[in-house]
A.B. asks: 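Dropping a structure here in C-alpha cells format, bear with me for questions.
Keep in mind the model is a prediction, meaning the values are calculated, not measured. Order of the sequence lines sets the chain letters (A, B, ...), proteins ahead of strands, with each chain counted from 1.
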Amino acid sequence: DGGITQSPKYLFRKEGQNVTLSCEQNLNHDAMYWYRQDPGQGLRLIYYSQIVNDFQKGDIAEGYSVSREKKESFPLTVTSAQKNPTAFYLCASSPALKWGETQYFGPGTRLLVL
Amino acid sequence: RKEVEQDPGPFNVPEGATVAFNCTYSNSASQSFFWYRQDCRKEPKLLMSVYSSGNEDGRFTAQLNRASQYISLLIRDSKLSDSATYLCVVNDFTNDYKLSFGAGTTVTVRA
C-alpha cells in the first residue's frame, strides 16, 4: 500500500527536551511538508522540502528543525526552544512543489507537554 | 484579517437534508481552491478541487464566486458518514502561493 506514515501517534515531551517526529512516504513524491494544527485554527506550515537535501522555512519555523537526507523521509524535531509545542502535527507530500497541487497527509502525531 | 475564513458551525442536519456553507478568502489573486474533509482526530483528506465553472462529485457540489471571493460546498441527501469538519484551502498569492487553510466548518448529520 502506498502512503504516508507518521510515528509515534502520541508523543509526550518533558520541559527542555527535544523530540523527533517521524514521517515516511512511499509515494515517490518529491515534495514534503510539515504542518501544525491547533484547535480552532487552520493548519500552519512549519517547514517544507522540494527535494532531497533541501528544505525551506514555513510560516512558523521557530523552535523546529528538519532534515531531508532521503526522498522518503522528512523528520521533524521539536526543540526546547518551541515554548508551546502541544499540537497535532501533520506531515504531507505531493508529487512536486506546486502549491496548487493536491497534498496527501499522514495520520498525524499528537504532541503533549508533560 | 485571515486569508481564509469559515463559519465554524456546527451545522446539525437530519439525514437526507441538504446543507451548504461558504468560505471567504481575502486575496483576489488566489488561483487554486480545494475542499478537504477531516474526521475527528484524523488527517485531512481531499474532498474535491474547486474549478471556476463549479463542479460536482456525486452528492457534493462546489462553487467558486470570484467577484465576491468565496467558495461554497453543498451536500445533498446527507448521510451519517458525512459528519466531519470541512476545511477550505486556498493558495495564498501574498505568501508565495503557499496553501492557506481555513479553520473548518463542522457538519453533524443526525439519524
A.B. asks: To the nearest 0.5 Å, what is the distance between CH2 on W99(A) and OG on S100(B)?
C.D. replies: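 That separation rounds to 10.0 Å.
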
A.B. asks: For a quick check under 3.5 Å, do E43(B) and Q6(A) share a side-chain donor-acceptor pair by atom type?
C.D. replies: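 Absent: no donor and acceptor within the cut-off.
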
A.B. asks: In this structure, would F11(B) and L74(B) fall into the same cluster of hydrophobic residues linked by side-chain contacts under 4.5 Å?
C.D. replies: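 As far as the 4.5 Å side-chain criterion goes, L74(B) and F11(B) are not connected within one cluster.
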
A.B. asks: Assigning hydrophobic clusters by single linkage (Ile, Leu, Val, Met, Phe, Trp, Tyr; side-chain heavy-atom cutoff under 4.5 Å), is W34(A) placed with Y104(A)?
C.D. replies: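 Cluster IDs for W34(A) and Y104(A) differ.
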
A.B. asks: Select one option (side chain, backbone, both, neither) describing which atoms of P8(B) are under 4.5 Å from chain A's heavy atoms.
C.D. replies: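 Answer is neither: P8(B) stays 4.5 Å or more from chain A.
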
A.B. asks: Please tell me if the side chains of Y36(B) and L43(A) come closer than 4.5 Å, counting only heavy atoms from C-beta onward.
C.D. replies: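 With C-beta onward as the side chain, the pair stays apart.
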
A.B. asks: Applying the 4.5 Å side-chain criterion to the ILVMFWY set and letting contacts propagate, would V78(A) and Y35(A) be lumped into a single cluster?
C.D. replies: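 Unlinked, V78(A) and Y35(A) end up in two clusters.
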
A.B. asks: Just so I know, are the side chains of K98(B) and Y48(A) near enough to count as touching, which here means a heavy-atom distance under 4.5 Å?
C.D. replies: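 Yes, close enough: below the 4.5 Å cut-off.
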
A.B. asks: Below 4.5 Å, heavy-atom pairs only: which of L46(B), V4(B), L99(B), V90(B) has the largest tally toward chain A?
C.D. replies: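 Looking at each of L46(B), V4(B), L99(B), V90(B) in turn, L99(B) comes out on top.
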
A.B. asks: Should we count CG of L112(A) as having more than 12 external heavy atoms under 6.0 Å?
C.D. replies: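 Above 12, so yes.
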
A.B. asks: If I compare all heavy atoms of A103(B) with all of G40(A), which pair ends up nearest, and what's the gap?
C.D. replies: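 Answer, listing the atom of A103(B) first, then G40(A): CB-O, 3.4 Å.
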
A.B. asks: Nearest heavy-atom pair of F34(B) and T102(A): which atoms, and what distance?
C.D. replies: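 Nearest pair, atom of F34(B) first, then T102(A): CE2-OG1, 4.5 Å.
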
A.B. asks: Could you pull out the closest heavy-atom pair between F88(A) and Q38(B), with the gap in Å?
C.D. replies: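 Minimum heavy-atom separation between F88(A) and Q38(B): CE2-NE2, 4.1 Å.
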
A.B. asks: Establish whether F60(B) and V50(B) are linked, either directly or via other cluster members, by ILVMFWY side-chain heavy-atom contacts under 4.5 Å.
C.D. replies: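 Looking at the clustering, V50(B) is in the same group as F60(B).
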
A.B. asks: With hydrophobic residues grouped by side-chain heavy-atom distances under 4.5 Å, do Y33(A) and F55(A) end up in a single group?
C.D. replies: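 In one cluster: no.
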
A.B. asks: Against chain B, label D38(A) side chain, backbone, both or neither, depending on which of its atoms sit under 4.5 Å from a heavy atom there.
C.D. replies: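 Contact with chain B: none, neither part.
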
A.B. asks: What option among E101(A), Q103(A), R44(A) has the most heavy-atom pairs under 4.5 Å with chain B?
C.D. replies: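 If we count pairs closer than 4.5 Å to chain B, Q103(A) comes out on top.
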
A.B. asks: Considering non-hydrogen atoms only, spot the tightest contact between R41(B) and R110(A) and give its length.
C.D. replies: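 Scanning both residues, the minimum pair turns out to be CA-NH2, 3.1 Å.
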
